[in-house]
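Naming: A, B, ... by sequence-line order, numbering from 1 per chain.
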2 protein chains.
Amino acid sequence: MDRIDEQILRLLKGNGRMTSSEIGKHVHLSIPAVSERICKMEERGLIEQFSVKINREKMGFHLLAFIMVQLEKPEHIQAFRTVIQEHEQILECHHIAGEYDYLLKTVSRSPSDLERLISDTVKQVKGVVKTSTLIALSTVKEER
Amino acid sequence: MDRIDEQILRLLKGNGRMTSSEIGKHVHLSIPAVSERICKMEERGLIEQFSVKINREKMGFHLLAFIMVQLEKPEHIQAFRTVIQEHEQILECHHIAGEYDYLLKTVSRSPSDLERLISDTVKQVKGVVKTSTLIALSTVKEER
DNA sequence: GTTGAAACAATTACGCC
DNA sequence: GGCGTAATTGTTTCAAC
């Protein structure tokens, strides 16, 4: 992980489909040299995966909300995690320290859709005793 | 945006470098047909960009924290946004409704690094009157 | 949408330092 | 271990339909 690898990562972050020859022009390396560096970074787990950023607005998800969840007892964690993993509108779930136990990042099509997500999905999980929802009005920055 | 486009998006989400020929085998379409669909989704803005998911842990960022920020007056927003955009450890910034005005998703190398981020960067911005930090203990799900 | 030819990029094998 | 060159293989692009 040297200076050149960092440059390659920066380039790939901006365009995950950039060709090795194009990257090579930036870092002054041959095509096989660039390919090998990318492969090695994948092997080491530094590069987790190549992906696409999808515009959620254009997919109909107009609402971004953060839901903080209080879980009563640790015995309900497994059921909770299963629900989280299976729900496509729950993008992120972090175990956090503080008054609440989990912080969820969610997307919804409408306020009523968010209502369903909170009432029918999150609060339906055994052990969920309290939630607090933060609605995003706009997004200033989002490095996904 | 039909059934096939959805399938293509799902495949690209899992592997942004999947070839059109490979995608074609899944959706039973020829290579130019797949390429054209991907191009059209890029033109429409549905696909924002191709990217790469980098393992933050392996990059030395062991701490994930959410910082909620209260901004005194709207006249300080521009300066605040500039700081946000320029700081690489601030991954996300959402304008939110509620007691706090902004929710920041941040990464740090260590607790002292997070301390610097809060004290020397965020609180240094004019108009920032209050912050509240949620430390992530672990991440259950993160669709980036 | 498909097919096929041309252009392009990646992979492999090899030699080099 | 890391790099470059050149041949091979595979992929995309571009036409025509």
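Atom-to-atom, CG of A/Leu29 to P of D/dT5 comes out at 11 Å; the value is rounded to the nearest Å. A straight line from CD1 of A/Ile23 to C1' of D/dG4 spans 17 Å, rounded to a whole angstrom. Counting to the nearest Å, the C1' atom of C/dG1 and the CZ atom of B/Arg37 are 9 Å from each other. When rounded to the nearest whole Å, the span between CD1 of B/Ile38 and P of D/dT11 equals 14 Å. One atom, CD of B/Glu42, and another, P of D/dT12, lie 13 Å apart when rounded to the nearest Å.
Using a 30° and 60° split on the angle between ring planes, B/Tyr102 and B/His95 fall in the parallel class, below 30°.
In this structure, the helix from C/dG1-D/dC17 to C/dC17-D/dG1 shows an angle of 30° between the axis at its start and the axis at its end, each fitted on 5 base pairs and rounded to 10°.
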Walk along nucleotides 6-17 of chain C from 5' to 3' and tag each nucleotide B, S or - by protein heavy-atom contact under 4.0 Å, base first, then sugar-phosphate. ---SSBB-----

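Between B/Lys53 and A/Glu48 no salt bridge is recorded (no basic side-chain N to carboxylate O distance below 4.0 Å). Comment: A/Glu6 engages A/Arg3 in a salt bridge, judged by a side-chain N to carboxylate O separation of less than 4.0 angstrom. Salt-bridge check for A/Glu88 with B/Arg10: failed, with every basic side-chain N at 4.0 Å or more from each acidic carboxylate O.
Checking the phosphate oxygens (OP1, OP2) of D/dG2, a side-chain nitrogen or oxygen of A/Lys40 falls inside 4.0 Å.
Every residue two or more places apart in sequence or in another chain that forms a side-chain hydrogen bond (donor to acceptor under 3.5 Å, both in side chains) with B/Gln89 is listed here: B/Asp113.
Under the 4.5 Å side-chain criterion, counting only non-hydrogen atoms from C-beta, A/Leu12 is in contact with B/Arg17.
Atom NZ of B/Lys13 sits in a sparse spot, with 12 or fewer heavy atoms from other residues, nucleotides or ligands closer than 6.0 Å.
When each of A/Glu142, A/Glu92, A/Glu143 is paired with B/Lys105, the side-chain hydrogen bond (donor to acceptor under 3.5 Å, both in side chains) condition holds for A/Glu92 and for no other.
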